[in-house]
Each structure stands twice: as structure tokens, then as C-alpha cells.
Amino acid sequence: MVPPQTSPRAKQRRGEGQWALGYREPLNPNERSKKDDNPLNVRARIENIYAHGGFDSIDPADLRGRFRWYGLYTQRKPGIDGGRTATLEPEELDDEYFMMRVRSDGGALTTQQLRVLGEISQTYGRDTADITDRQNIQYHWIQIEDVPTIWQKLEAVGLTTMEACGDSPRVILGSPVAGIAEDEVLNGQPAIDTILERYIGDPRFSNLPRKFKTAISGLQDVAHEIHDVAFVGVDHPEHGPGFDLWVGGGLSTNPMLGKRLGAWVPLDEVPDVWEAVISVFRDYGYRRLRHRARIKFLVADWGPEKFRQVVEDEYLKRKMLDGPAPEVLSQQLDHIGVNRQKDGLFYVGAAPVAGRVSGSILVEVAKIAERAGSQRVRFTPQQKIIVLDVPETAVGTLKSDLAKLGLQVDPSPWRRGIMACTGIEFCKLAIVETKARANELVTTLEANLKDIVDGVTAPITVHINGCPNSCARIQTADIGLKGQIVTDDEGNQVEGFQVHLGGGLGLDAGFGRKLRGHKVTAAELPAYVERVVRNFVAQREDDER
Ligand code: SF4
């Protein structure tokens, strides 16, 4: 194919770097790095070279690029304040320790896997473990010398870090109660399992324009509106249970809600349709500018009709069936508390604060879950943990055992609704502290808002980000807090937050409003949230969210 040279349209296409239009030459250093060497090849170098040679032996192109394909990022050097984040070179921010993410697609784990995750943290990660809102575990303080052994231990129980990060198909969100929820349209886990088996680690999909996030659920419990591709359970009037297909959602600095393609996909066709959508992204996605490289920009430019047509005509080679939209729920499901399964057993959802646990807690949860007769646990997209398959007679003991670990099954609304990203403790992009602040906020609100807790009949979510990225989904929270340096009353530059108010998913899905100049310092945060909540509870109308 001869690339068009002259028209403005041709210039725009060439500028976007879309492979399908013939533009294969890398247009930025990230694209160059991926073209120079398939990032999946870095595993052999870690095993054969870097684990023996130590941190200083690592090629910078692997360190700050290809390592991500195995869930590895350098963590932030301790003691660098947020005001300097943007001014330092990457190597000045790099510590010699790593953050590591382990895939657990759908958050699905056996108690044996949970125990191994905990033990690895105890041995190699200074007992750190955070449950992320991608339903997986993130460790810190990992040393390169230990990475091959950690992989061996993970793989012995069927776990992997492959494509946990990077421009690849990341961990797939799935309903934590797939297959057991009384009200699910259908169980999406078999589709997740097939996608993992067929495509994760497949070099055809290991060089995408950017990350690719998938959600598949027979319930509306996985924030489907903000995923690159999502399959949402819906009953078709003629064909029965299946999935409604969404594409092009995402947050970060240009938030967009996903678009329905109006197509109904039966369970056994989900992997093929997923392959078609990710192929469109790989081939037509914009590769010139990193900040325009997510699929949402392509979907926004094309519109859902054209996107569906390209999926069908060029990749699936057939038409998909039209289907109805799922009924919109008035609130996100978080599965906290004690809930009956369709087989008569119970699942018990508990709330750590903002996903912070530890290796020791994970080992203990595995133990007490087994004592309660369970062999399955789940992480949720809200950074919570669920024990499945509990007989009714064991529920009471399990609840008190979880509470002793700081995992409350009947949490306050604040503990239940809080999420926080990694923040300045470990993240090189962070400007402010998040996890400790979330804990402090929950403790203060629990102490100060006892008098109105009965009036909080709708959940109030507070999400805290350490920078303008949106790892903790701030735009979809009732109160979203974006970390930045702000000026306090004395004129000092201090840690604080830009406030976004009134975001949400499901009914009236939309992004929180960013009010001009509406910023709080970190020190003022508990009092600010308390005021907002008190005013909301006092003034809300029936069912108002
Ligand atoms: Fe790091 Fe920013 Fe993401 Fe928080 S939101 S984890 S600070 S990149």
C-alpha cells in the first residue's frame, strides 16, 4: 500500500501512526522500544542476566519499559516530596526496589493461591500487599534477584504476572460472585478463562498502542462504563442470557464513558468478539501520542456505528446480533456483608481500608476461610475481599475472625465507600500521600459522624488519587479527590486535592463536577468531607444519590 501523501486527511492519518493505514515506523520512544524487541522477551533476560547481575545490570529500556509486561515497576525512592515529582528525571525517582502486580482475573483465587500470595509478600515484599481496584494484589519492596523464584512459586499454583501491566491486555475484571449470585444474568467467568488461555502472552496482542482493560460480568459490578471493552449481562428477548457489548470507556485525564455498540453476544462468542475488538485497537489505534493512544479516542472519532462495522466486516467476518440495553441499576454492587448464594451457601464480603492489607493478613484469611469450609476467595473492583461458599453455621465465626484482622463485614459507610491509589509512598508519578490519608479520613469520619450515620441510606463514595491520573477512579466517586500541591491559608505550598463532586456509575452515570478553585489542603480534608456529608444528608431528597 502506498501511503497517501498530500491531502489534509492523509496527513492526519499519518500523524496518528495507525498500523492499518500502513504507518509502521515508530513515532515515539515507547513504540520504538516495543518494535526493537517484543516486551515479552524480557522475562528471559530477568531470569538469565538481571537476577544474577543485580539492579545495576538492568538495561534502562527494559527497566522503564518492558518490565511492565511482567507486572514490574520501579518504586519511588523514599523521601522525595510531591512538589519535586515533575521536576526530576526518571532515574532520580527510581528506587532499586520494585512494585509487582500479580494477575488474578475476575479477582478469583483459591485459598491455596491466597496463602501463596501472602507467603511471597512475607518472604520477599516486607509483608506489603494492596488489593487494587483491578482485583489483584500489588507488592512492594521486591528485589530483582528474587523475581524468578517468585514466578516459580506463583506458577506452581497457577498464577502469573504476565501482562499485569504494559501496553497489553491487562487483568480482566469480572464479577467476584460469578456463578453464585442469585441475581446474575449469567456467569461470565468461562469467557474470562478462555480469553486468558487463548490470548494472554500471545505475541499478536503484546504490542498494543496502550493498555487495554476488559470487564466481563453477568452483573453490573465491574464499572463496565469505564473500560476499553466490556461485556455486560443482558437477557435477549429471543435468545436468552448473553452480553451487551461496550467499547471506548476510560478515565485518566480525558475521561470518557464507554459506548454501547447495540450488539448482543452469547457467552461462547465472547472470546472471538474480544479478539476482534482488541485487533481493531491494535491495528487502528493511535500510536503517535501516548496521551491519545487509548481506544476511547478512536471510538470517539469513529462513533459506535463505524466501530461496529469495522469489527464485523474486517475481523469477525459476520454480523453480530442486535440486542437490548441492560437495565440500569441505581447503584454499584459491592457485595459487602453476608449474602446468600444460589446454592444455599453464603458469601461474606469484608472491607479493608482502601485495599491495604498485608501478606500476613492474606495468609490468615486463607486459614480462616478454610476453617469456615471455604476454598475460594475473591477480590473486588472496590478493593474489598470476599470469602465464598460459607455454610450458614460458619458465618458468625468467620465474621468475627475477619474483624480481628481489621476486615469488617458490617463496615461504616465511610470504610465501605473509600478507595485510594498507591500514592506517594511508592508511586513515582504521585504528588501526595493517599493510603494513610484514607485511613485517617475513615477513622475521623467514623468518630465524628456517628450522629448521622443512620441518615446515610445511600452509599457515599470517596476516592483518593495521588496525581491527575485516575487509578482510583476519582471521576466516578461521589467525592473524588485529585492529589496536587495547593496553597494553604498562610501561603505555603502543601499537599492537597482538587475536589470533584457528584460522579457515579449506573443510573445517571457521569463524571463528578470539578468546581473552579474548589481545592482542599490535606490537613483540611476530614473536616471538608464531614461538611459535605452533613449537608448532603440534611438536604437530600428521596432516593437522591
Ligand atoms: Fe500513581 Fe497517580 Fe495512579 Fe495514584 S493515580 S497510583 S499517584 S499514577
Side-chain angles (χ1 to χ4, degrees), residues 30 64-65 67-68 71-88 90 92-95 97-102 128-142 164-167 170-171 173 210-211 213 223 226-227 250-255 290-291 293-294 353-356 381-383 418-439 441 461-477 479-486 495-500 503 511-512 514 519 522 525:
N30 295 78
R64 297 192 191 93
F67 267 39
R68 295 175 187 185
L72 289 161
Y73 283 83
T74 46
Q75 65 188 40
R76 184 189 189 93
K77 208 176 263 178
I80 299 177
D81 68 66
R84 295 166 67 206
T85 300
T87 61
L88 295 176
E92 295 176 282
L93 285 160
D94 277 338
D95 203 352
Y97 295 92
F98 292 89
M99 181 201 94
M100 178 189 257
R101 283 190 201 140
V102 183
T128 56
D130 287 327
I131 302 171
T132 77
D133 57 9
R134 304 294 307 165
Q135 295 180 276
N136 55 8
I137 280 290
Q138 182 171 303
Y139 299 126
H140 300 283
W141 301 111
I142 300 294
C165 304
D167 300 345
R170 304 276 189 99
V171 64
L173 291 203
R210 280 213 66 183
K211 59 187 153 188
K213 294 182 175 177
I226 52 169
H227 277 77
L251 293 178
S252 201
T253 44
N254 270 298
R290 293 287 287 170
H291 69 266
R294 293 289 294 274
V353 174
R356 173 125 305 174
Q382 291 84 22
Q383 303 180 314
I418 195 123
M419 295 214 311
C421 74
T422 303
I424 204 164
E425 186 182 11
F426 298 115
C427 177
K428 288 180 295 182
L429 302 178
I431 300 166
V432 307
E433 160 55 48
T434 51
K435 294 278 191 195
R437 200 147 274 144
N439 197 32
L441 181 62
T461 51
V462 180
H463 296 187
I464 307 178
N465 271 355
C467 82
N469 290 314
S470 197
C471 299
R473 310 200 292 257
I474 53 158
Q475 297 94 336
T476 64
I479 303 173
L481 300 161
K482 180 172 77 183
Q484 60 181 225
I485 300 296
V486 301
E495 287 194 10
F497 299 92
Q498 165 79 60
V499 181
H500 297 237
F511 300 126
K514 186 170 69 172
K519 297 175 182 177
L525 184 63

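Remember, it's 1-based here, ligands and their atoms both numbered in the order they're listed.
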Should you measure from each heavy atom of [X], which atoms of ligand 1 turn up under 4.0 Å away?
{"X": "C421", "value": "4 (Fe), 5 (S), 6 (S), 7 (S)"}
{"X": "G466", "value": "4 (Fe), 7 (S)"}
{"X": "L429", "value": "8 (S)"}
{"X": "T422", "value": "6 (S)"}

### Query
Can you find a pair of side-chain heavy atoms, one from C165 and one from R101, that are under 4.5 Å apart?
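C165 reaches R101 side chain to side chain.
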
### Task
Please tell me if the side chains of T422 and T132 come closer than 4.5 Å, counting only heavy atoms from C-beta onward.
no

### Message
Distance check below 2.8 Å: does C471 bring an N, O or S atom to atom 3 (Fe) of ligand 1?
### Response
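Under 2.8 Å: C471 contacts atom 3 (Fe) of ligand 1 through an N, O or S atom.
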
### Query
Is the side chain of T461 donor-acceptor paired with the backbone N or O of A477 at a distance under 3.5 Å, no angle test?
no

### Query
Do any N or O atoms from the side chain of K435 and from the backbone of A420 form a donor-acceptor pair under 3.5 angstrom?
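Here the side-chain-to-backbone pair exists.
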
### Message
Show, in sequence, the C-alpha distance, side-chain angles and deciding distance for K211 and D167, and conclude whether the salt bridge (charged side-chain N to carboxylate O under 4.0 Å, His left out) test is met.
### Response
CA-CA 4 Å; K211 59 187 153 188; D167 300 345; over 6 Å; no

#### Entry: Protein contact of atom 1 (Fe) of ligand 1 - nearest heavy atom, named by residue and atom, plus distance
C427 SG, 2.3 Å

### N/O/S atom of C467 inside 2.8 Å of atom 2 (Fe) of ligand 1, strictly under
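A backbone or side-chain N, O or S atom of C467 is under 2.8 Å from atom 2 (Fe) of ligand 1.
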
### Query
Would you call R437 and E495 a salt bridge, taking side-chain N to carboxylate O under 4.0 Å as the test?
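Yes, charged N to carboxylate O under 4.0 Å.
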
